[in-house]
Each structure stands twice: as C-alpha cells, then as structure tokens.
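Scroll down for the structure; my scribbles are underneath it.
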Amino acid sequence: MEIAEKISQVRETVKKWKKEGLTVGLVPTMGYLHEGHASLVECADRMCDRVVVSVFVNPTQFAPGEDLETYPRDFERDCALLENCGCDLVFHPEVSEMYEEDAATYVEILSDMPKQLCGKTRPIHFRGVCTVVAKLFNIVEPDKAFFGQKDAQQLAIIRRMVRDMSYGIEIIGCPIVREKDGLAKSSRNTYLNEEERRAALILSQTVFLGEKLVREGERDADRLLSAMKAKLETEPLARIDYVSAVDAVTMAPVAQIKGSVLVAMAVYIGKTRLIDNFIAEVQPL
Ligand code: PAF
C-alpha cells in the first residue's frame with residue numbers, strides 16, 4: 001500500500017493505473033477509521049481495480065468553535081486498518097497541500113438543500129465538504145466514489161454536486177454500520193464517556209422505533225416525528241438538535257411518508273453531537 005502526501009504523487013500513480021486500463025475507486029475520509037469506513041473500502045475494492053482512500057481532516061467544513069482541533073487522529077492505526085481491507089493508495093496531505101494560504105474558490109450548492117437538517121446549525125459545513133470533495137475528485141479522477149449513508153445529507157448533496165458539475169463519477173452510497181448494540185459507528189463516538197455511551201443508544205433505538213411505525217403504516221410525518229421526539233426525550237442526557245422527515249433526494253421537508261423519505265436526526269449527548277437516520281421507502285398502492 002502506497003502512502004502519498006503530495007497531490008503530484010497521487011496523480012502519477014493514478015495515471016499509471018489508468019494507462020494499464022484499471023478502474024479507480026475513491027473513499028474520502030477524515031481518518032480515525034472504524035468498521036464503517038472499512039465497509040466503504042471493501043465495497044470499493046469489490047467494485048474497482050484500485051482503491052484510493054484520502055485521510056484528511058478538512059478545515060473548511062468546520063466552523064469556529066467546532067471540533068477541528070480535537071477531532072481524533074491516528075494515522076498509523078488508520079494505515080493498519082486500510083492495509084487489511086483492500087486500499088492501494090492512501091492520500092494523506094497537509095492542510096497546506098490542499099489549500100493555498102489565499103485559496104478563495106469554493107463549490108457551493110445555492111439551493112435550500114444544504115440549509116436543511118445539519119445545515120441549520122452548521123451553515124458553512126456543506127460548502128466545505130463540497131469544496132474538498134470536488135478537489136479530491138479533481139486530484140484522483142476516480143471512476144466511482146464511496147460515501148456512507150450515515151451522512152445522508154452529505155451523500156445527497158454530493159450526488160447533486162456531481163450532477164450539477166457534470167463529474168463523470170458514479171457515487172455509491174453504502175449502508176450504515178452499527179455496533180452490536182445498535183449505535184451507528186462514528187469517529188465522534190470516542191468523545192463519549194461510559195454514561196454517555198449508554199445514553200447514545202437512544203438514537204438507534206429511536207431510528208428503530210421510527211422504522212417500526214412506518215412499517216406498521218404511519219404515513220403522517222408530524223405524528224411520526226412526535227413519537228420519535230418523545231422517545232428521545234426519555235433520555236435525560238440527550239438534547240435534540242433536530243428530528244426531520246425530508247425528501248431523500250431534495251432534502252425538502254415532507255408532510256407525508258410516501259416515495260423515498262429520509263428521516264434524520266442530530267442529537268447532543270453531553271457535548272457530543274451525533275447523527276443517525278433511516279430511509280422510508282413507501283411505494284404508492
Ligand atoms: O464524511 C466525511 O468524513 C467528510 O465529510 C468527507 C466526505 C471526507 C469530506 O471531508
């Protein structure tokens with residue numbers, strides 16, 4: 001497995017692969033990898049001849065006061081995990097390699113899409129995500145790129161960016177990976193102390209409740225969301241940021257659960273903000 005810190009090295013290696021007629025998959029990450037990331041890399045390994053994983057804590061997607069400085073990092077451990085799941089090249093640039101000091105060009109979706117859900121409390125987040133992912137696409141020029149369904153809004157936004165900017169890259173969304181007890185895997189789970197780790201189970205329990213209610217026929221978004229909020233409120237350590245039902249493609253709020261609806265939540269457990277979601281697929285009779 002090759003490790004590159006420079007854009008030019010990535011370009012050289014990918015160029016060589018493409019000359020050999022090999023297909024390339026990209027898995028963008030911020031490191032501190034867990035089984036959720038491993039499942040993306042394994043999926044990329046199955047679908048592509050060569051796999052590039054980027055490990056880069058992207059400063060432009062963090063607002064002042066968010067956890068940029070404390071975001072967990074362990075590059076050696078990341079490399080050990082990546083060796084075992086089919087990664088061929090790790091791209092691990094310095095911030096200065098990705099952003100010139102006077103960089104002033106951003107990629108931003110100017111619709112309501114990035115303003116919904118997480119965008120309400122993180123107004124610059126998706127501009128930073130789109131900008132860095134666009135840069136990674138330009139550097140690696142992959143055939144396919146892999147993102148987790150856990151960051152459902154991010155996945156929808158990247159699909160939209162790819163469409164709007166005519167990137168010839170296929171975006172593959174991969175299912176949420178959960179701990180045995182249900183908690184969605186996240187690098188931020190390491191922030192939780194023992195009591196918070198137990199309390200964090202309220203997110204997945206609420207997702208499972210929501211899925212059950214939809215399965216049993218609930219089609220009214222307000223009633224569904226009220227039941228889910230009531231469940232979250234049973235956990236004293238949980239503070240709801242949002243629980244919303246939106247169109248799974250446009251992120252526009254919906255009143256009825258029909259078609260493809262993303263039911264998503266962000267909840268603080270202590271100081272740690274966690275997200276979880278499910279997609280309700282309800283076909284008209
Ligand atoms: O999901 C993430 O880890 C990040 O938002 C991404 C896509 C790697 C961009 O920095």
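All values reported here derive from a predicted model rather than from experimental measurement. Residue numbers run from 1 in the order of the sequence given. Just follow the structure's listing: the first ligand is 1, and inside any ligand the first atom is 1.
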Considering only distance and modelled atom types, tabulate donor-acceptor pairs under 3.5 Å from the side chains of residues 47-54, sequence neighbours left out.
residue	atom	partner	partner atom	Å
Asp49	OD2	Thr23	N	2.8
Asp49	OD2	Thr23	OG1	3.2

Just distance, no hydrogens or angles: give the donor-acceptor pairs under 3.5 Å from side chains in residues 180-187, sequence neighbours left out.
residue	atom	partner	partner atom	Å
Asp181	OD1	Leu183	N	3.4
Asp181	OD1	Arg197	NH2	3.1
Asp181	OD2	Arg197	NH1	3.2
Asp181	OD2	Arg197	NH2	2.9
Lys185	NZ	Glu35	OE1	2.9
Lys185	NZ	Glu35	OE2	3.4
Lys185	NZ	Glu179	OE1	3.3
Ser186	OG	Arg188	N	3.0
Ser187	OG	Tyr32	O	3.1

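Checking side-chain atoms of Glu218 against main-chain N and O of Asp220 turns up a donor-acceptor pair under 3.5 Å. With hydrogens and angles ignored, the 3.5 Å screen pairs a side-chain donor or acceptor of Ser39 with a backbone N or O of Gly36.
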Ligand 1: which protein N/O atoms lie under 3.5 Å from its N/O atoms?
residue	atom	partner	partner atom	Å
ligand 1	1 (O)	Gln154	OE1	3.4
ligand 1	1 (O)	Gln154	NE2	2.8
ligand 1	5 (O)	Gln61	NE2	3.0
ligand 1	5 (O)	Gln154	OE1	2.7
ligand 1	10 (O)	Gln61	OE1	2.6

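A search for side chain to side chain contact (heavy atoms under 4.5 Å, CB included) contacts involving Leu209 returns Leu213, Lys231, not counting sequence neighbours.
Remark: Lys135 qualifies as a cation-pi partner of Tyr99 under the 6.0 Å distance and 45° angle criteria applied to the six-membered ring.
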